[in-house]
Amino acid sequence: MNRRTALGFGTVATAGTVLGTTSPASAAVETDAAPAATAQLVAARVARAYERATTQAGGNWQAYVSVTDAAGAPVVAVADSPDQRLEAYSVNKIAVAVAVLDKVDRGLLALDQRLEVTESIVVPGGDGIFSLDGAYPSSITLGHALAALLTVSDDTAVRLCGLVCPALELNAILVAKGFPNTQVQPVANPNRFFLGTSTPRETHDLLRALVAGALLSPTATTFLLNLLRSPIAYTDGIRRVMSSAERARVATKAGWFDSARHEAGVIFDPAGAPLLTYALFADGQADPDDFGATHPAVQARARLGRFFLSATARLAGAGPRLRLTRQRPSNGG
């Protein structure tokens, strides 16, 4: 019996566990041909789909996935090394944004305050848009920096956030909110940091707390989630095989560095209520120099994303609703 097979047995056996119960979702027989009618059955199907997709992709996987039941409780579908602390890479940009917006909520910062983009602060060759400008200095708002951080995953935007929320303060904010493993890594310059670590469970729990309105004000929560589900946000993974309307139901953030390919987010039902939360961390697959849609782990996530939508089609989410306003292209003018 190989590791993936052993893991699959363990994952499916615990899939569908609801807080306060011990009944496994896999006790009920459900085919993968049609959407399931309960969160427990969906969780069992998600567990099997995860096992198939990750076995095919190979490498190492750590994950935590849950389906929201009618009462709003998480029905655990996948718990694959959920407490392993690992390098979260750009997935932790969500946590950075939470800390910055916490300061906005407390009146210490404002989204319309200006930040100077100097040549020295730009990450040369980094992901994003600031390294493409070629004309410095420039001046942007904090809101613009956060938009670049969470949509095109701009690396310079991390440094811009560090100007207003230094590493030690950022970590303290996250600890106070209950996330001691989701921490950036300080460096000699107090306003700069590497993106640091998290665990699948903590990333999952941070997302659930965010959509529940437990981390930020309603205004800040909506602002952050609208960035993560915008058309320009990451589409190579979970959102790849979806229509534009379906993509608008998914708030997601990916992280990639060296051989790691991570993604975490929330799928909402058509009415805007949170329905499924995922934290998928992967590394060690083939083609580590491929950062595109053809990487094995990214292909696996694309299959899972389509599956998540199909499997939950008969379910309704629970909790605060995010207004799903469809954005349409413009022809200028």
Side-chain angles (χ1 to χ4, degrees), residues 11 14-28 30 34-50 63-79 82 94 98 177-179 200-229 238-239 242 245-253 263-280 304-326:
T11 301
T14 58
T17 301
V18 186
L19 298 180
T21 72
T22 58
S23 300
S26 55
E30 173 73 1
T38 69
Q40 289 77 13
L41 291 173
V42 170
R45 293 187 58 203
V46 167
R48 294 193 293 270
Y50 172 84
Y64 201 73
V65 182
S66 72
V67 182
T68 304
D69 70 10
V75 179
V76 179
V78 177
I94 301 175
V98 166
K177 290 183 179 296
F179 305 105
R201 190 193 304 271
E202 235 179 57
T203 295
H204 166 278
D205 291 351
L206 185 150
L207 288 165
R208 278 188 52 86
L210 176 66
V211 299
L215 296 185
L216 299 169
S217 69
T219 298
T221 299
T222 300
F223 173 77
L224 194 160
L225 291 173
N226 280 343
L227 293 175
L228 292 177
R229 68 181 186 89
I238 292 292
R239 302 205 301 173
M242 295 184 186
E246 290 170 335
R247 286 177 174 179
R249 291 172 47 199
V250 183
T252 199
K253 183 72 192 74
E263 190 169 0
V266 179
I267 295 177
F268 299 86
D269 70 14
L275 183 57
L276 183 148
T277 306
Y278 56 90
L280 305 168
L304 286 171
R306 183 67 255 171
F307 185 91
F308 290 165
L309 274 189
S310 298
T312 57
R314 291 174 61 187
L315 299 184
R321 293 182 178 182
L322 176 68
R323 184 181 178 187
L324 301 176
T325 302
R326 184 174 179 181

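These numbers come from a predicted model, not from an experiment.
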>> Nearest 0.5 Å, please: how far is OG1 in Thr203 from NZ in Lys253?
In response: 12.0 Å
>> Suppose we screen for salt bridge (Lys or Arg N to Asp or Glu O under 4.0 Å). Which residues come up paired with Glu202, at least two apart in sequence or across chains?
In response: none
>> What I'd like to find out is whether the side chain of Val211 reaches to under 4.5 Å of the side chain of Phe268, using heavy atoms alone.
In response: yes
> Among all residues two or more places apart in sequence or in another chain, which pass the salt bridge (Lys or Arg N to Asp or Glu O under 4.0 Å) test with Arg249?
Replying inline: none
>> List the residues meeting side-chain contact (heavy atoms from CB on, under 4.5 Å) with Arg208, not counting sequence neighbours, and say none if there are none.
In response: Ser66, Thr68, Pro74, His204, Thr277
> So do the side chains of Val67 and Phe308 get within less than 4.5 Å of each other, counting heavy atoms only?
Replying inline: no
> Does the side chain of Val266 reach to within under 4.5 Å of the side chain of Leu210, using non-hydrogen atoms?
Replying inline: no
> What distance separates Ile94 CD1 from Leu207 CG, expressed to the nearest 0.5 Å?
Replying inline: 5.0 Å
>> When you compare the side chain of Ile238 with that of Leu280, does any pair of heavy atoms fall below 4.5 Å?
In response: yes
> So, do Asp269 and Thr312 sit near enough that their side-chain heavy atoms are less than 4.5 Å apart?
Replying inline: no
>> Testing the basics here: between Ala264 and Ala279, what is the closest heavy-atom pair and its distance to 0.1 Å?
In response: CB-CA, 3.9 Å
> Shortest non-hydrogen contact from Arg247 to Met242?
Replying inline: NE-O, 3.6 Å
> Is the shortest side-chain N to carboxylate O distance from Glu246 to Arg306 below 4.0 Å?
Replying inline: yes
>> Using every non-hydrogen atom in the two residues, find where Ala77 and Val46 come nearest and quote the distance to one decimal.
In response: CB-CG1, 3.8 Å
> Taking the side chain from Arg201 and the backbone from Pro82, do they hold a donor-acceptor pair closer than 3.5 Å?
Replying inline: no
>> Taking Leu41's backbone N and O only, do any of them form a donor-acceptor pair with Thr38's side chain (distance below 3.5 Å, no angle check)?
In response: yes
Identify each donor-acceptor pair in which a side-chain atom of residues 220-227 lies under 3.5 Å from a protein atom, sequence neighbours left out, and give them as a table.
| unit_1 | atom_1 | unit_2 | atom_2 | d |
| --- | --- | --- | --- | --- |
| Thr221 | OG1 | Leu216 | O | 3.4 |
| Thr221 | OG1 | Ser217 | O | 2.9 |
| Thr222 | OG1 | Pro218 | O | 3.0 |
| Asn226 | OD1 | Arg229 | NE | 3.0 |
| Asn226 | OD1 | Arg229 | NH2 | 2.8 |
| Asn226 | ND2 | Thr222 | O | 3.3 |

With a 3.5 Å cut-off and sequence neighbours excluded, list the donor-acceptor pairs that the side chains of residues 316-324 form with protein atoms.
| unit_1 | atom_1 | unit_2 | atom_2 | d |
| --- | --- | --- | --- | --- |
| Arg323 | NE | Thr325 | OG1 | 3.3 |

>> Measuring only between side-chain heavy atoms, which start at C-beta, is Tyr278 closer than 4.5 Å to Val78?
In response: no
